[in-house]
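Here is how names work: the chains are called A, B, and so on, in the same order as the sequence lines, proteins then strands, and each is numbered from 1.
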Amino acid sequence: MFDVKDIIAQAIHKQLPELSRDQIYDMLEYPPNPEMGDIALPCFKLSKTLRKPPVQIAQELASNISDMEFIDKVEPVSGYLNFFFNKPLFVEQTLKRILEEQERYGSQPIGQGKTIVIDYSAPNIAKPFHVGHLRSTVIGNSLRKIFEFMGYRCIGVNHLGDWGTQFGKLIVAYKLWGNKEEVEAHGIKELMRLYVKFHEEAEKDPKLEDEARSWFARMEKGDSEALELWQWFKDISLKEFQKVYDLLDVHFDSYAGESFYNDKMDAVIEELKQKNLLKESEGAMIVDLEEYGMPPCMILKKDGSSLYATRDIAAAIYRKKAYDFHKCIYVTGAAQSLHFQQWFKVIELMGYEWAKDLIHVPFGLVSLGGEKLSTRKGKVVLLEDILSEAIKKTLEIIESKNPDLENKEEVARYMGVGAVIFSDLYSNRIKDVSFSWDEVLNFDGETGPYVQYTHARCCSVIRKAPEQEDSSFNPCLLQTKEEYQLCKTLYQFPEKVMMALTQLEPSIITRYLVDVAQDFNRFYHEHPILVDDQQLRTARLALVKATRITLANGLKLIGLKPLERV
RNA sequence: GCGCCUGUAGCUCAGCUGGAUAGAGCAACGGACUUCUAAUCCGUAGGUCAGGGGUUCGAAUCCCUUCAGGCGCGCCA
C-alpha cells in the first residue's frame with residue numbers, strides 16, 4: 001500500500017529518534033496552498049523538547065534529512081518543514097493503487113473478526129415514517145456500510161417501537177371511531193388519524209386515557225383480542241415501512257423491537273435486585289445515580305410495569321449474548337443523550353465490563369419551519385411525500401436535459417431518493433436541521449445529483465474511449481494544476497474513510513465526495529480527455545478511471561447507488 | 001434552578017483533536033456550449049468566526065464568563 005505520509009514520518013523519525021513514527025505521522029499536515037508543498041511538518045511543538053527555536057529545527061531537518069525517492073524538495077519556511085512530492089512518482093503510485101484496488105480502494109481490514117451491532121431507524125408502529133426518522137435510518141445505514149467496508153461484521157437492528165401505552169390509545173380510538181375497511185384502505189394514514197383524534201378527544205374527556213391504559217394492561221396480560229389488534233396494526237405498519245426501506249435501499253438483520261424483550265425483563269429486574277442496585281423511591285424502583293451526577297434511572301413504575309430503560313438494558317444484555325459485539329452503537333436523537341448515559345452507567349454498575357462498548361451516536365433534531373415535528377398534532381412531513389416529490393423533480397430535469405435516456409424512471413428514482421439521503425448526510429449529524437423543500441429539491445452545487453452527475457460523466461468518457469489492453473500510463477503527462485490537485489484529493493480517500501469511522505460521522509464522506517467532484521469537474525473543463533495523442537489520452541483516462549472508482553466507493557458508503565448514465 | 005448541544009458571508013454549512021492569508025455551495029451580478037453530458041466551469045461581490053477575558057510562539061478551534069437559540073432533568077419512548 002502506498003502511503004507517502006508514512007514514508008516521510010519514517011525519514012523524520014531517523015533524524016529525531018526521540019519521537020515515534022506514529023507521533024510524527026500525526027503531526028504531519030496538508031498545507032493550505034500548493035506553493036507550500038504537499039505535506040508539512042510544523043516544528044513549533046518540537047521546540048520545547050529539543051530546546052531549539054522552530055526555525056532552526058526546520059532548517060536542520062531540511063539539510064540532514066536523507067534523500068527520499070518520493071520527495072523532490074524539502075524546504076524550511078518560518079518554522080515549517082515543507083515537503084514537495086516527486087509529482088510523477090506520486091501520481092503514478094496513487095493512481096496505480098486505486099486502479100488495482102478497485103472497489104476495495106479506501107478500505108483497511110481493521111475490523112476482521114469483530115462484530116458491530118448498529119441500532120438504527122426504529123420507527124414507531126402505527127405512526128408515519130417522517131423526516132425525523134430519516135436521519136437515524138440514513139446515518140445508521142451509512143455507518144453500517146463504513147464498518148463493513150473496513151472488514152467488520154455488522155448486525156443492523158431495527159428496534160421497532162412496537163410496545164407501550166400508545167397501543168392502548170390506538171385500540172380505544174379504533175373501537176370508537178374506526179373500522180376495518182378504512183384501516184385496510186389507508187393504512188398508517190388512517191391509524192394516524194385515529195391517534196390524532198384520540199388526543200383531541202382525550203383533552204375533553206380524560207377518562208379515555210384510563211381506558212387506553214387498561215387496554216395496554218390487557219395486552220401485557222396476554223389478552224387475545226388486544227394482541228390480535230396489536231399484531232394487525234403492526235403488520236400494516238411493517239408493510240408500509242418496508243416500501244420506504246426498499247426505496248431507500250436500507251436493510252436490517254433483525255427487527256427485534258420492544259415487544260421482543262417483554263419476557264426478558266423479569267430476569268433483569270431480578271439481577272438488579274441481587275446486585276443491590278434497586279432502590280425504592282416514591283413507590284417506584286430506581287437505580288440511584290446521584291454520585292455520578294445524574295438523575296436516577298427509573299426501572300419500574302409505581303404500578304410495577306417497566307420502562308424503556310429497563311427494555312434497553314434487557315436488550316443490551318441479550319445482544320451481548322447473541323452477537324458478542326465489539327461495539328454496540330445506538331443511532332438516536334440527541335434529546336435522548338441523558339437516557340443513554342444513565343442506562344450505560346447501570347450496565348457498568350451491574351459489573352459488565354463491556355459497558356464501555358456501548359456507544360450513543362446522537363444527531364440533531366429536525367424541525368419544520370421552526371416548529372417541532374409532532375405526530376400527535378399531525379404536524380409532519382411524510383418521507384414518502386418527500387421522496388416522491390424528489391423523484392418527480394428529477395424526472396422533469398431528465399426530460400429537459402437528456403430525454404433520450406433509457407430507463408428514466410429507474411434513474412430518477414435513484415437520483416431523487418439519493419438527493420434526499422445526501423442532503424441529510426451533508427452536515428455534521430449533531431446540528432439541528434430545519435426541513436426545507438427548497439433545499440431538498442435543489443440539485444445544483446453541493447448535492448447528491450452533482451456527485452452522481454460527475455460519476456456518470458466519468459463513466460461516459462470511459463465508455464467512449466477506445467479499448468486498450470495495456471493499463472500502463474505515463475504519469476509525467478499529468479502535471480497540470482488541475483490534474484495534480486485531483487490526484488492529491490483522490491489520495492486522501494482512505495484517510496477520510498478512517499476519519500468517518502472513528503468519528504462515526506458519515507458527513508465526512510459526503511463532503512469529501514463534493515471535493516472530488518469539484519476537482520474532477522475543473523480538470524474535465526480544462527483538459528480534453530479523448531484526444532488523438534494516444535499517450536496523453538491514456539494518462540488522462542487513468543485519472544478519470546481512478547476518479548470514477550473513488551466516487552463510486554464513496555457513494556456506496558453513504559448508501560447511494562452510483563449511476564452510470566443520467 | 002441544574003445539565004447537554006449549537007452560534008463562522010444575506011441563507012445552508014466546511015474548517016482535519018491548536019498552525020501559514022478563515023473556505024465551499026445557494027442566492028446576486030458578469031462571462032464560457034461547432035468540441036468527451038452546461039445537473040458543469042470561470043470571474044465579481046460578500047467576514048468584528050455571537051460578545052468579553054484567559055492559556056499559547058500561534059486560537060474559529062482549548063479554558064472561564066456573558067448573551068442568544070435548541071434539547072433534556074421519575075412513572076412516554
*Output the distance between atom CZ (A:Arg522) and atom CD (A:Gln485), rounded to the nearest 0.5 Å.*
8.0 Å
*Answer with base, sugar-phosphate or nothing: what part of the nucleic acid does A:Ile508 contact at a heavy-atom distance below 4.0 Å?*
nothing
*Give a yes/no verdict on a cation-pi contact between A:Arg457 and A:Tyr524, requiring under 6.0 Å between NZ or CZ and the six-membered ring centre and an angle within 45° of the axis.*
yes
*Within the pair A:Ser460 and B:U37, is there a side-chain N or O less than 4.0 Å away from OP1 or OP2?*
yes
_Any A:Lys401 side-chain nitrogen or oxygen under 4.0 Å from OP1 or OP2 of B:A39_ = yes
*Could you tell me which residues satisfy side chain to side chain contact (heavy atoms under 4.5 Å, CB included) with A:Ser20, sequence neighbours excluded, listed by chain and number?*
A:Asp22, A:Gln23
*Give one of base, sugar-phosphate or nothing for A:Ile286, where a contact means two heavy atoms less than 4.0 Å apart.*
base
*With nearest nucleotides of RNA chain B determined for A:Ala335 and A:Gln518 from heavy-atom distances, which residue corresponds to the more 5′ nucleotide?*
A:Gln518
*Nucleotide of B:A77, B:G25, B:A20 approaching A:Gln336 most closely (side-chain heavy atoms)*: B:A77
*Taking the nucleotide of RNA chain B with the closest heavy atom to each, which residue, A:Leu300 or A:Ile529, is nearer the 5' end?*
A:Ile529
*asked:* Check this one for me: any side-chain N or O of A:Tyr450 less than 4.0 Å away from OP1 or OP2 of B:C41?
replied: yes
*Are A:Tyr308 and B:A77 close enough that a side-chain N or O sits under 4.0 Å from OP1 or OP2?*
no
*Which distance, rounded to the nearest 0.5 Å, do you find between the CD1 of A:Ile139 and the CG of A:Leu134?*
9.0 Å
*asked:* Give me the distance, rounded to whole Å, that separates B:G43 from B:A24 when you measure between the P atoms they each carry.
replied: 9 Å
*Taking CE from A:Met498 and C1' from B:U17, how many angstroms apart are they, rounded to a whole number?*
14 Å
_Counting the benzene-type ring for Trp, do A:Phe233 and A:Phe167 have ring centres under 6.0 Å apart?_
no
*Considering every strand shown, what is the Watson-Crick or G-U wobble mate of B:C73 when both distances are under 3.5 Å?*
B:G1
*asked:* Using a 4.0 Å heavy-atom cut-off, does A:Pro528 contact any base of the nucleic acid, only the sugar-phosphate backbone, or nothing at all?
replied: base
*asked:* Can you check the distance between B:A22 and B:G47, where both ends of the measurement are the P atom (answer in whole Å)?
replied: 13 Å
_Taking the C1' atom in each of B:G46 and B:C13, what is the distance between them to the nearest angstrom?_
16 Å
*If you look at every strand shown and take non-hydrogen atoms under 4.0 Å, does A:Glu258 touch a base, only sugar-phosphate, or nothing?*
sugar-phosphate
_Under the ring-ring contact (aromatic ring centres under 6.0 Å, His included) definition, can you give me all pairs with a residue in residues 277-308 of chain A, not counting sequence neighbours?_
A:Tyr308-A:His339
*Is A:Leu307 touching bases, backbone alone, or none of the nucleic acid, heavy atoms closer than 4.0 Å?*
sugar-phosphate
*Which listed nucleotide (B:C73, B:U37, B:C41) is nearest to the side chain of A:Tyr453?*
B:U37
*asked:* What's A:Leu338 touching, base or sugar-phosphate or nothing? Going by heavy atoms closer than 4.0 Å.
replied: sugar-phosphate
*Which part of the nucleic acid, if any, lies within reach of A:Lys496 when heavy atoms closer than 4.0 Å are counted: base, sugar-phosphate only, or nothing?*
nothing
*Is A:Met415 touching bases, backbone alone, or none of the nucleic acid, heavy atoms closer than 4.0 Å?*
base
*Please report the C-alpha distance between A:His133 and A:Ser121 in whole Å, then the side-chain angles of each, then the deciding distance to 0.1 Å, and finally whether the side chain to side chain donor-acceptor pair (under 3.5 Å) criterion is met.*
CA-CA 6 Å; A:His133 299 115; A:Ser121 200; over 6 Å; no
*Counting any heavy atom closer than 4.0 Å, what does A:Val544 reach on the DNA or RNA strands: base, sugar-phosphate only, or nothing?*
nothing
*Within less than 4.0 Å of OP1 or OP2 of B:A77, is there a side-chain N or O belonging to A:Arg311?*
yes
_Taking only the C1' atom of each, what is the distance from B:A68 to B:A50 in whole angstrom?_
8 Å
*May I ask you to evaluate whether A:Lys301 reaches the phosphate of B:C76, defined as a side-chain N or O under 4.0 Å from OP1 or OP2?*
yes
*Has the side chain of A:Asn33 got a donor or acceptor atom sitting under 3.5 Å from an opposite partner on the base of B:U21?*
yes
*Can you tell me how far P in B:C2 sits from the matching atom in B:U65, rounded to whole Å?*
11 Å
*Could you check whether A:Ser281 gets within reach of a base, just the sugar-phosphate, or nothing at all, counting any heavy atom under 4.0 Å?*
base
*For A:Gln342 and B:C73, give me the distance from atom CD to atom P, rounded to whole Å.*
9 Å
*Ignoring backbone atoms, test whether A:Arg457 places a side-chain nitrogen or oxygen under 4.0 Å from the OP1 or OP2 oxygen of B:A38.*
yes
*If pairing requires Watson-Crick or G-U wobble contacts with both distances under 3.5 Å, which nucleotide is the partner of B:G25?*
B:C11
*Just compare B:A39, B:C16, B:G70 and give me whichever is closest to any side-chain atom of A:Met499.*
B:C16
*Just how far, in rounded Å, is P of B:U17 from CE of A:Met27?*
15 Å
*Could you give the CG-to-C1' distance, from A:Asp519 to B:A24, as a whole number of Å?*
12 Å
_ring-ring contact (aromatic ring centres under 6.0 Å, His included) evaluation trace for A:Phe443 with A:Tyr450_ = CA-CA 7 Å; A:Phe443 292 175; A:Tyr450 172 69; over 10 Å; no
*asked:* Side-chain N or O of A:Asn428 versus OP1/OP2 of B:A14: is the shortest distance under 4.0 Å?
replied: yes
*Using whole Å, report how far OH of A:Tyr30 lies from P of B:A22.*
23 Å
_On the nucleotide B:A14, are OP1 or OP2 found under 4.0 Å from the side-chain N or O atoms that A:Lys431 carries?_
yes
*asked:* Checking A:Ser507 against A:Ile509 for the side-chain contact (heavy atoms from CB on, under 4.5 Å) test, could you report, in this order, the C-alpha distance in whole Å, the side-chain angles of both residues, the deciding distance, and whether it holds?
replied: CA-CA 5 Å; A:Ser507 69; A:Ile509 308 279; over 6 Å; no
*Rounded to the nearest 0.5 Å, how far does CZ of A:Phe260 lie from CZ of A:Arg311?*
13.5 Å
*asked:* The side chain of A:Asp444 is closest to which nucleotide in this list: B:C75, B:C16, B:C26?
replied: B:C26
*Using the P atom as the reference point in each nucleotide, state the distance between B:C41 and B:C26 in Å, no decimals.*
8 Å
*Value in whole Å for how far the C1' atom of B:C16 lies from CD of A:Glu495*: 9 Å
*Would one find a side-chain N or O of A:Lys464 under 4.0 angstrom from OP1 or OP2 of B:U37?*
yes
*Write down the distance separating the C1' atoms in B:A27 and B:A9, rounded off to the nearest Å.*
12 Å
*Under 4.0 angstrom, heavy atoms only, what part of the nucleic acid is A:Ala40 near: base, sugar-phosphate, or nothing?*
base
*Candidate nucleotides B:G74, B:A20, B:C26, ranked by approach to the side chain of A:Asn442 - the nearest*: B:C26
*Indicate, with a heavy-atom threshold strictly under 4.0 Å, whether A:Asn82 touches base, sugar-phosphate, or nothing.*
base
_Counting the atoms with a prime plus P, OP1 and OP2 as sugar-phosphate, which does A:His455 contact under 4.0 Å by heavy atoms, base, sugar-phosphate, or nothing?_
nothing
*Could you measure between the two C1' atoms, the one in B:C73 and the one in B:U55, and give it in whole Å?*
33 Å
*asked:* If you only use heavy atoms from C-beta on, which nucleotide in B:C76, B:A20, B:C13 is closest to the side chain of A:Val433?
replied: B:C13
